Amino acid sequence: MYLSPRLLRSALQQRDAPRLRRRAPGPGPRCLSSPPAAARHPAFPQLPAAASGVATPLPRTACSMGNGTSRLYSALTKTLNSSAAAQHAEYLESPDPEHLEPIDPKELLEECRAVLHRRPPRYQRDFVALRTDHPSSHPPIRVMQWNILAQALGEGKDNFAQCPVEALKWEERKCLILEEILAYQPDILCLQEVDHYFDTFQPLLSRLGYQGTFFPKPWSPCLDVEHNNGPDGCALFFLQNRFKLVHSANIRLTAMALKTNQVAIAQTLECKESSRQFCIAVTHLKARTGWEQFRSAQGCDLLRNLQNITQGAKIPLIICGDFNAEPTEEVYRHFASSSLNLNSAYKLLSADGQSEPPYTTWKIRTSGESRHTLDYIWYSKHALSVQSALDLLTEEQIGPNRLPSFNYPSDHLSLVCDFSFNEEPDGLS
Ligand SMILES: NC(=O)C1=CN([C@@H]2O[C@H](COP(=O)(O)OP(=O)(O)OC[C@H]3O[C@@H](n4cnc5c(N)ncnc54)[C@H](OP(=O)(O)O)[C@@H]3O)[C@@H](O)[C@H]2O)C=CC1
Ligand SMILES: [Mg+2]
């Protein structure tokens with residue numbers, strides 16, 4: 001299961017070999033995504049564009065999770081199991097608070113690929129350039145929205161019927177998550193269902209140049225799962241070399257004047273290149289059918305908070321979230337018709353620019369198949385333009401067993417957009 005010292009040495013000596021094997025072209029067209037952000041900012045100077053390939057699934061093994069936030073900064077993230085292997089697993093092995101020197105993202109990506117070398121390929125997705133009447137002289141702001149699937153929920157609560165337990169092993173699934181982040185190199189990362197913030201994402205992403213904030217759910221359902229790794233919550237990361245933090249708010253959402261179990265983070269950032277400010281927010285609304293009014297109330301509360309933070313939309317806004325609501329739901333209509341003048345970025349991928357994608361999550365639970373559009377990136381339509389958006393996985397790529405799987409780590413797809421400020425906003429944000 002784990003890399004033997006011999007395999008690891010071989011993987012490290014011929015770094016491209018395992019990647020190319022894993023990424024050998026399969027059926028159907030594949031092409032590289034748009035130029036990596038290496039060209040856009042110095043945090044990723046050496047990272048190559050993603051390649052593609054094929055490998056066999058891993059054999060069955062038992063999996064284990066961490067056991068609580070007391071393991072802060074611990075060496076929980078054991079990925080390679082032998083002592084010889086551990087010498088090389090520099091980044092994934094042991095985030096040491098005393099040695100938080102920068103990581104070369106290329107090295108981290110190589111480590112992830114070495115861990116994943118026996119998994120099937122991660123499918124390539126392409127950025128779709130979108131028509132905009134507002135060319136910008138500044139580099140775009142790349143935003144990733146992603147419900148990464150809490151480890152405790154994936155293993156203990158979600159009841160995925162077609163996903164083998166070994167596909168959910170944290171030691172490897174975390175590498176698939178990191179690979180996705182490293183492949184698209186967002187300037188801002190908005191995550192939900194994060195239950196490995198302190199032991200994995202915060203230490204690793206901070207060494208990649210990100211500043212992170214985590215706001216756990218007050219009564220996270222993860223805590224009901226045996227051997228959980230602490231509560232899940234929302235996390236927001238931004239690249240420190242691109243943005244300065246102006247204001248940060250952790251918001252516990254209310255519904256019908258009562259505090260709820262759902263949270264949001266809203267931060268006002270200033271772009272170092274342009275000195276323009278904007279507000280970025282991340283949220284994860286209440287799940288399940290029967291809770292539509294509750295979600296609607298939570299959405300209204302979030303909009304009220306954002307009205308205050310942006311001084312009535314004087315500061316442009318980007319709101320990322322797993323809203324747990326189809327576009328037909330009231331909470332969606334509240335956002336679409338808000339006085340904050342928001343549009344949903346992924347509608348722009350449709351032919352008429354008016355339709356949301358057919359799905360952002362697709363799974364098979366013991367209760368049945370569930371394909372829904374629940375995840376959104378809202379933005380101030382007068383002040384910001386979407387220059388490009390990452391297309392979604394096709395049904396064929398997702399495969400008959402749906403998500404998560406050996407080659408995709410979450411039941412939700414990541415959404416990624418490149419934003420620019422309109423030089424002359426239409427008077428309104
Ligand atoms: N100890 C206490 O006093 C309390 C405990 N709790 C615990 O929290 C739970 C509810 O918390 P709440 O935040 O409201 O949770 P939600 O109803 O919002 O759902 C929590 C998670 O379950 C996932 N989920 C959605 N649908 C299903 C499904 N059909 N089967 C399995 N998982 C699903 C969601 O994933 P996604 O968003 O991806 O769909 C979400 O991340 C309770 O069941 C209890 O376990 C809650 C309050 C108090
Ligand atoms: Mg979930």
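What you see is a predicted model; the values in this text were computed from it and never measured. Both ligands and their constituent atoms are indexed starting at 1 by order of listing.
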### Query
Which residue owns the protein heavy atom closest to atom 12 (P) of ligand 1, what's the atom, and how far is it?
Asn261 ND2, 3.5 Å
### Query
When you look for heavy atoms under 4.0 Å from ligand 1, do you find them on the side chain of Asp232, its backbone, both, or neither?
neither
### Message
I'd like the name of whichever of Cys222, Ser370, Pro221 reaches closest to atom 9 (C) of ligand 1 through any heavy atom.
### Response
Pro221
### Query
Roughly how far, to the nearest 0.5 Å, is the CZ atom of Phe419 from the CD1 atom of Ile318?
4.5 Å
### Task
Below 4.0 angstrom from a heavy atom of Ala287, which ligand 1 atoms are there? Numbered from 1 as shown, please.
16 (P), 17 (O), 18 (O), 19 (O), 25 (C), 34 (C)
### Message
Please state which option from Arg288, His372, His412, Lys157 has its nearest heavy atom closest to atom 23 (C) of ligand 1.
### Response
Arg288
### Query
Looking at Leu153, which atoms of ligand 1 are within less than 4.0 Å of one of its heavy atoms?
21 (C), 41 (O)
#### Entry: Heavy-atom donor-acceptor pair, Asn422 side chain to His134 backbone, under 3.5 Å
no
### Query
Which one holds for Leu374 and ligand 1: side chain close, backbone close, both close, or neither close, with close meaning a heavy atom under 4.0 Å?
neither
### Task
Establish, yes or no, whether a centroid distance under 6.0 Å links the rings of His412 and Trp146.
no
### Close-contact set for ligand 1 against Asp224 heavy atoms, below 4.0 Å
7 (C), 44 (C), 45 (O)
### Query
Can you check whether Asn159 has an N/O within less than 3.5 Å of an N/O in ligand 1?
no
### Summary
Taking only non-hydrogen atoms of Asn147 and a 4.0 Å limit, the atoms of ligand 1 in range are 37 (O), 38 (O)
### Message
Tell me whether Arg125 is salt-bridged to Glu180, with the criterion being a basic N under 4.0 Å from an acidic carboxylate O.
### Response
yes
### Query
Does a side-chain N-to-carboxylate-O contact under 4.0 Å join Glu369 and Arg402?
yes
### Task
Just need the protein heavy atom nearest to atom 37 (O) of ligand 1, so name the residue and atom and give the distance.
His284 NE2, 2.7 Å
### Query
With sequence neighbours excluded, what pairs up with Glu193 under the salt bridge (Lys or Arg N to Asp or Glu O under 4.0 Å) test?
none
### Message
Centre-to-centre under 6.0 Å for Phe237 and Tyr197, is that the case here?
### Response
yes
### Query
Would you say the ring centroid of Phe198 lies under 6.0 angstrom from that of Phe214?
yes
### Task
With 2.8 Å as the limit, jot down which protein N, O or S atoms are around the Mg ion (ligand 2).
Glu193 OE2
### Task
Kindly say whether the aromatic ring centers of Tyr332 and Tyr376 come within a distance under 6.0 Å.
yes
#### Entry: Charged N-O contact under 4.0 Å between Glu166 and Arg173
no
## Note on the structure
If you scan protein heavy atoms around atom 35 (O) of ligand 1, the nearest is Glu193 OE2, 3.0 Å
### Task
Determine, for Arg142 against Asp418, whether the closest basic-nitrogen to carboxylate-oxygen distance falls under 4.0 angstrom.
yes
### Summary
Logged contact type for Asp322 with ligand 1, heavy-atom cut-off 4.0 Å, is side chain
### Pairwise salt bridge (charged side-chain N to carboxylate O under 4.0 Å, His left out) hits with a residue in residues 352-364, at least two apart
Lys363-Asp411
### Message
Considering non-hydrogen atoms of the protein only, which is the closest contact for atom 5 (C) of ligand 1, and what is the distance?
### Response
Trp219 CB, 4.1 Å
### Task
For ligand 1, note which part of Asp158 has a heavy atom under 4.0 Å away: side chain, backbone, both or neither.
both
### Query
With distance as the sole test, does Thr260 use its side chain to make a donor-acceptor pair with the main-chain N or O of Leu253 at under 3.5 Å?
yes
### Query
Can you list the residues that meet the side-chain hydrogen bond (donor to acceptor under 3.5 Å, both in side chains) rule with Lys272, with sequence neighbours excluded?
none
### Message
As an exercise, identify every atom of ligand 1 less than 4.0 angstrom from a heavy atom of Asn324.
### Response
36 (P), 37 (O), 39 (O)
### Query
Protein heavy atoms: any of them under 4.0 Å from atom 27 (C) of ligand 1?
yes
### Query
What protein heavy atom sits nearest atom 29 (N) of ligand 1, and how far away is it?
Arg365 NH1, 3.5 Å
### Message
Angle between ring planes, Phe278 versus Phe243, binned at 30° and 60°: parallel, tilted or perpendicular?
### Response
perpendicular
### Query
Relative to ligand 1, is Gln192 under 4.0 angstrom through side chain, backbone, both or neither, heavy atoms considered?
neither
### Message
Within the 4.0 Å heavy-atom shell around Gln262, which atoms of ligand 1 are there?
### Response
12 (P), 13 (O), 14 (O), 18 (O)
### Message
Is the contact between Lys286 and ligand 1 made by the side chain, the backbone, both, or neither, using heavy atoms and a 4.0 Å cut-off?
### Response
both
### Task
Please state whether the rings of Phe294 and Trp291 are parallel, tilted or perpendicular, taking 30° and 60° as the class boundaries.
perpendicular
